[in-house]
Amino acid sequence: MNYPAKSRVFLHEIGELTRFVLRFFREAFRPRYEFSELVHQCFVIGYKSLSLVALTAFIMGLVLTMQLRPSMVRYGVEAQIPAMVCIAIIREIGPVITALIFAGKIGSSIGAELGSMRVTEQIDAMEVSGTNPFKYLVVTRTMAATLMLPVLVILADAISLFGSWIGVNIYEVLSFRLFYTQVIDNLAYYDAIPAIIKTFFFGFAVGIVGCFKGYFSTKGTEGVGRSANSAVVMSSVLIFILDLLAVQVAELIWDF
Amino acid sequence: METRKAVIRIEGLCKSFGDNVVLDHFDLTLYEGENLVVLGKSGSGKSVLIKCIIGLLHPDAGRIEVFGENVPDLNYTELDQMRARVGFLFQSNALYDSMTVRENLEFPLRRHWMKTPQKEVDERVHEVLKNVGLAHTTEMMPAELSGGMRKRIALARTLILHPSIILYDEPTTGLDPITGMEIIELIQQVQQEYHTASLVISHDLKLAQIAAERVIMLIDGKCYAQGTFNELRASTDPKVKAFFD
């Protein structure tokens, strides 16, 4: 394997992505603003991902509860299931799993859409007509992904906890009110706030990577497929890296 | 001696991709209201030439003056302002496939730095669609149109900003002879109606014969020969002759 060449390609890509991100911030805060396209993208990215996110969140809460239960029963602490599940879902599983599903659905769709626009010269056509395709295509999609993922995560957390309540009720009877009282009693701001904040970064990563891969797509239809695929892979890896950093930063701030 | 003002002047344009030299000190002048056809074989660098003119590709060397300004020296804003005066018809048409015909046509007006009132937008859409003979297609999607109709809509989108120059990239490629002929007539009609200067990139001899006031032969990356179509057809130069034979 040619490691020096591969490293060069990797470093080049990191450099290009950094320039792309800097251009995003330069374009995002300079008029003209594409509000109507931003609202449209929020609808496409947020609303149309809702059903998939809701389904996976419900199953996630249900399965997590069912898997946890035998161990909790063995130690005689099954009464702590709501507390344990809610901490796990709100702090980690909800944001990360939702972000990964979001990367799979939205990252690939942005990568493929922009990629096919690039190879069919639609982006060039925007440029030569004196409009700014970066502002219209990249800024709006990245902002919509950044704004919509936190909303989806909050909804996914709520649905997941509902799934968990169903999971608890498969084996015993626990009222919905009592379940949620236990959940709220065991939650601190420290659990929820950093978890929500990090989802803005996850959303940004998914949006910007999808746009980056699609915007610089080459080599025809094969390139479009590769852009969509690498957008998902790269944004998924970035989600884990950002999650690691977020945990460290949150602990640092909390200890301070 | 040409008395008209030059709108595009290219001097010593060079462009390579790796070791492949595509344009090698290429020169060209396009005058106001002129219809100039650049003829060349496939892969001779014709598309690279007009992409350099419009600023989609950066040349390695040389000057490309459009309305007296050197394109490689322009910043984003200046480039956008220049592009608003230069229309570009893509070989692939490059229609926005997620938008209707109306939205395709409105897009340059709505997104442009110049704010255009809705009444004027509607008037311009109606005018350009009427001029390309497709007034009934406003709510259709590009996928519902035939190849010739798509080409006409792409031309209508180019015309909507009322450009002073139109660059055509292989306008008749991929069309049947009858539709190709219709597009050639449309190019002439547009030039007469809008008084535009046209730079047409093609390998279509029929197009050059009918539409060109002047023809340039792009061979080996250079402006190898130029003149009227009949002058070039009568040339005894083996490379020129080979193209016409």
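In this text the structure is predicted, and so the values were computed from the model without any measurement. Numbered from 1 within each chain, the chains take letters A, B, ... in sequence-line order.
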Examine whether an atom of [X] lies under 4.5 Å from a heavy atom of chain A, and if so say whether it belongs to the side chain, the backbone or both; otherwise answer neither.
{"X": "I160(B)", "result": "neither"}
{"X": "N93(B)", "result": "neither"}
{"X": "R85(B)", "result": "neither"}

Please confirm whether the backbone N or O of N131(B) pairs with a side-chain atom of Q189(B), one donor and one acceptor, at under 3.5 Å? yes

Quick check against the 3.5 Å criterion: does T131(A) have a side-chain atom that pairs as donor or acceptor with the backbone of M126(A)?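 Side chain of T131(A) to backbone of M126(A): a pair is present.
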
Hey, could you give me each pair passing side-chain hydrogen bond (donor to acceptor under 3.5 Å, both in side chains) that has a residue in residues 7-20 of chain A? Not counting sequence neighbours. E13(A)-K213(A)

Using a cut-off of under 4.5 Å on heavy-atom pairs, state which of P163(B), A154(B), A94(B), S98(B) scores highest against chain A. A94(B)

Can you measure from CD1 (I184(B)) to CG (D204(B)) and round to the nearest 0.5 angstrom? 5.0 Å

Can a side-chain donor-acceptor contact be found between Q41(A) and E37(A) if the only test is distance below 3.5 angstrom? yes

Positions in residues 42-71 of chain B that reach chain A, provided some heavy atom is under 4.5 Å away: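 K51(B), I54(B), L56(B) fall under the 4.5 Å cut-off.
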
Residues [X] and [Y] bridged, charged N to O under 4.0 Å:
{"X": "D124(A)", "Y": "R118(A)", "result": "yes"}
{"X": "R124(B)", "Y": "E106(B)", "result": "no"}
{"X": "E182(B)", "Y": "R152(B)", "result": "yes"}

